[in-house]
*Asks:* 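A single structure is presented below for examination.
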2 protein chains.
Amino acid sequence: MEKISETYNATSPEALAASTVSQSVVHQLRRAHGRFMHRFLHHFSAVNLRPAEYSALALIAENPGRKQSEIAATLGIQRANFVSLMNDLEGRCLTERRSVPNDRRSHALYLTASGQNLLSDARRAEADFEAECLERLGGTPAREQFLALLARLFG
Amino acid sequence: MEKISETYNATSPEALAASTVSQSVVHQLRRAHGRFMHRFLHHFSAVNLRPAEYSALALIAENPGRKQSEIAATLGIQRANFVSLMNDLEGRCLTERRSVPNDRRSHALYLTASGQNLLSDARRAEADFEAECLERLGGTPAREQFLALLARLFG
DNA sequence: TATTGTTATACTCTATAACTATA
DNA sequence: TATAGTTATAGAGTATAACAATA
C-alpha cells in the first residue's frame, strides 16, 4: 500500500489543471451538445417539442404528402427511430399519415391544422433560440462562419 | 376526406425542399452531434472508451488524487452520473478510488498502471481524431476559430 | 446544516437486426 | 428480391430527486 498523504494535498484545493482536456475538440463538442440540449428544451418548453420533432414538423410543412422514409432520410434519422417520433406527433394530433394511391406500403405525411398552429409557436421559439445564438456568436458573419465550419467538420 | 391524388405526386419524386430546416442552428447541431459520436466511437473502438470516459482518464492523469466530485465538476458531469462511469473504469482496472485522510466521505482518484497504458493508446486515437478534424476544417486557424465560436456559443 | 458518494428514475438521441406487408 | 413501415433492443448522453454516511 502506498502512503496517500504524500500525494493527496488536503490543505490547498486549488483549481484543477485541465488544459489537455479542454483543448480537445472531443471534450468541447461533448460539453457543447449538453448545453445545446438544455437551452433548446428551455426555449421549446412551451410548445413541448424536442429538436428532432421540431425539425420533422418544419420539414413536413415544407413538403406535405411526402413519404415517411423520405422525411426521415432528409432529417438524417433512421426509419426505425422515426416511427415512434411520428407516433408521438400523431398521438398529439399534430400530424397525420394518409394512405398513398398505388402503394399500400407507404404513408404520406401531413400537418393537421393544430400542427400548423403549433409550428407557428415553435417557429417563434426557434427565432428566440437563433437570436440568442446570434448574440452569443457576435453577429451574422460569425454565425455564417460557425455553420460553415460545422458543415466542413460534419457535413 | 380530401382527395389524396391532388397533393401526392407519385410520378416525380424530386428532392425535398429543406432550406428552412437546414439553415437552422438547431438542425445542424443535432446532426453534427450524431456524426461526431459515430466518428469518435470509430476512432476509439480499439481502446473501447466513450467520450466522457476518455476525458475522465485524461483529467485524472493531469490531476491525480483529486476528489471524485472535483473531477466530475471540471468535466461538467453531474456527480450522480459520474458514479457509474467511475464504476466502469474501476471495473476494468483502469482507475482506483483511494480513501482520503481526514475526510471519510471522499474518494481520491488515481490511474492504475494499465490505466496509464490505455491512456497512451487513447491519446494516439485522439490525435488521429483531432488530425481528421483539422484536415476537414482546413488548417489550424480554422480549428482555433471553430473552438472559439463554439466557446462563445456554449462556453 | 452542508457535502460526498450513491441509487433510482426518466428523458433525448442514436444504431442495428428482424419482422410484416407490399411492390 | 427489394422497399416501407414497424418492433425490439442496446447504447451514448443528460437531468433530477432522494438517501446514508460524514463533516
Side-chain angles (χ1 to χ4, degrees), chain A residues 8 10 13 26-42 44-45 48-56 66-73 75-90 95 97-109 154, chain B residues 8 10 13 26-45 48-56 66-73 75-88 90 95 97-109 154:
Chain A
Y8 185 79
V26 167
H27 178 254
Q28 295 304 331
L29 284 175
R30 184 185 65 78
R31 295 221 55 182
H33 184 257
R35 296 188 181 183
F36 159 63
M37 283 296 297
H38 195 261
R39 281 189 207 152
F40 178 92
L41 295 176
H42 174 70
F44 280 70
S45 59
N48 195 24
L49 289 174
R50 299 171 289 170
E53 289 175 335
Y54 169 68
S55 294
R66 287 313 192 103
K67 290 192 296 181
Q68 200 168 298
S69 54
E70 289 177 319
I71 298 291
L75 292 174
I77 297 174
Q78 303 286 331
R79 282 200 327 273
N81 295 324
F82 198 59
V83 173
S84 62
L85 192 156
M86 288 308 304
N87 287 345
D88 212 65
L89 294 179
E90 198 168 61
T95 60
R97 291 181 249 221
R98 298 187 201 158
S99 59
V100 169
N102 303 326
D103 190 344
R104 292 194 296 171
R105 297 172 302 179
S106 303
H107 294 163
L109 302 184
F154 299 112
Chain B
Y8 186 79
V26 167
H27 179 252
Q28 294 304 332
L29 283 175
R30 185 184 64 78
R31 296 220 56 180
H33 183 255
R35 296 189 181 183
F36 159 62
M37 284 296 296
H38 195 260
R39 282 190 206 152
F40 178 93
L41 295 174
H42 174 71
H43 280 282
F44 279 69
S45 59
N48 193 25
L49 288 174
R50 300 171 288 170
E53 289 175 336
Y54 169 68
S55 294
R66 287 311 192 105
K67 290 192 297 181
Q68 200 168 299
S69 55
E70 290 178 319
I71 298 292
L75 292 173
I77 297 174
Q78 303 286 330
R79 282 200 327 275
N81 295 324
F82 198 59
V83 172
S84 63
L85 191 156
M86 287 309 304
N87 287 345
D88 211 65
E90 198 168 59
T95 60
R97 292 181 248 222
R98 299 186 201 160
S99 58
V100 169
N102 304 326
D103 190 344
R104 291 195 298 172
R105 297 173 303 179
S106 303
H107 294 161
L109 302 182
F154 300 111

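Below, all heavy atoms of this structure are taken into account, side chains as well, without hydrogens, waters or symmetry copies. Letters A, B, ... are given to chains in the order of the sequence lines, protein chains preceding strands, and every chain is numbered from 1. Predicted model, so just to flag it, every value in this text is computed and none were measured.
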*Asks:* Between B/Arg50 and D/dA12, is there a contact of a side-chain N or O with OP1 or OP2 at under 4.0 Å?
*Replies:* yes

*Asks:* To the nearest Å, how far apart are B/Phe82 CZ and D/dA12 P?
*Replies:*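 Computing the B/Phe82:CZ to D/dA12:P distance gives 16 Å.
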
*Asks:* Between D/dT14, C/dA8, C/dA17, which nucleotide has the shortest distance from any of its atoms to the side chain of B/Ile77?
*Replies:* D/dT14

*Asks:* May I ask you to say what B/Arg104 touches in the nucleic acid, namely base, sugar-phosphate or nothing, with a heavy-atom cut-off under 4.0 Å?
*Replies:*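 Here B/Arg104 touches the backbone only, sparing every base.
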
*Asks:* Whole-Å distance between C/dT3 P and B/Gln68 CD?
*Replies:* 17 Å

*Asks:* When the nearest nucleotide of DNA chain D is assigned to A/Arg31 and to A/Ala80 on a heavy-atom basis, which residue is associated with the more 5' position?
*Replies:*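 The residue mapped nearer the 5' terminus is A/Ala80.
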
*Asks:* If every non-hydrogen atom of B/Val26 is compared with every non-hydrogen atom of A/Phe36, which pair is closest and at what distance?
*Replies:* O-CZ, 3.6 Å

*Asks:* Minimum heavy-atom separation for B/Leu41 to B/Leu49, with atom names?
*Replies:* CD2-O, 4.3 Å

*Asks:* Choose from C/dT22, D/dG5, C/dT7 the nucleotide whose nearest atom is closest to any side-chain atom of A/His107.
*Replies:* D/dG5

*Asks:* Measure from the side-chain heavy atoms of B/Asn81 and tell me the nearest of C/dT22, C/dG5, D/dA15.
*Replies:* D/dA15

*Asks:* Where do A/Ala56 and A/Leu75 come nearest, in terms of heavy atoms and distance?
*Replies:* CA-CD1, 3.6 Å

*Asks:* Where the side chain of B/Pro51 is concerned, which of D/dG13, C/dT16, C/dT4 is the nearest nucleotide?
*Replies:*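 Minimum distance to the B/Pro51 side chain belongs to D/dG13.
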
*Asks:* Hey, does the side chain of A/Arg97 come within less than 4.0 Å of D/dT6's phosphate (OP1/OP2), counting only N and O?
*Replies:*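 It does, given that an N or O in the side chain of A/Arg97 lies less than 4.0 Å from OP1 or OP2 of D/dT6.
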
*Asks:* Rounded to whole Å, please give me the gap between CG in B/Leu109 and C1' in C/dG5.
*Replies:*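 Between C1' of C/dG5 and CG of B/Leu109: 11 Å.
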
*Asks:* Return the 5'-most residue of the pair A/Leu41, A/Asp103 with respect to DNA chain C, ranking by each residue's nearest nucleotide.
*Replies:*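 Looking at DNA chain C, the more 5' nearest nucleotide goes with A/Leu41.
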
*Asks:* To the nearest Å, give me how far apart CZ (B/Phe36) and C1' (D/dG13) are.
*Replies:* 11 Å

*Asks:* Please report, rounded to the nearest Å, how far the P atom of D/dT7 is from the CE atom of A/Met86.
*Replies:*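 Those two atoms, CE and P, are 14 Å apart.
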
*Asks:* So which atom in A/Glu53 and which in A/Asn48 form the shortest heavy-atom distance, rounded to 0.1 Å?
*Replies:* OE1-O, 4.1 Å

*Asks:* Look at B/Arg30 and C/dT12 and indicate whether a side-chain polar atom (N or O) is within less than 4.0 Å of OP1 or OP2.
*Replies:*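 Looking at the OP1 and OP2 atoms of C/dT12, neither is under 4.0 Å from any side-chain N or O of B/Arg30.
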
*Asks:* I need the minimum non-hydrogen distance between B/Phe40 and B/Arg50, along with the two atoms involved.
*Replies:*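 Nearest heavy atoms, B/Phe40 then B/Arg50: CE2-C, 3.5 Å.
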
*Asks:* I need the CG-P distance between A/Asp88 and C/dA10, as an integer number of Å.
*Replies:*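 So the CG-P distance, A/Asp88 to C/dA10, works out to 17 Å.
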
*Asks:* Closest approach to the side chain of B/Lys67, judged atom by atom: which nucleotide of C/dT4, D/dT6, C/dT6 is it?
*Replies:*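 From the listed options, C/dT4 comes nearest.
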
*Asks:* Could you state the atom-to-atom distance from CG of A/Leu29 to C1' of C/dC13 in whole Å?
*Replies:*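 Spelled out: CG on A/Leu29 to C1' on C/dC13 is 16 Å.
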
*Asks:* Please determine whether a side-chain nitrogen or oxygen atom of B/Gln78 lies at a distance below 4.0 Å from atom OP1 or OP2 of D/dA17.
*Replies:* no

*Asks:* Heavy-atom nearest nucleotide on DNA chain D for A/Arg105 versus B/Glu53: which residue maps closer to 5'?
*Replies:* A/Arg105

*Asks:* Could you pull out the closest heavy-atom pair between B/Phe154 and B/Leu29, with the gap in Å?
*Replies:* CZ-CD1, 3.6 Å

*Asks:* Report yes if at least one side-chain N or O of B/Ser106 is closer than 4.0 Å to OP1 or OP2 of C/dT4; otherwise report no.
*Replies:* no

*Asks:* Once you round it to whole Å, what is the distance between P of C/dT12 and NE2 of A/His38?
*Replies:* 13 Å

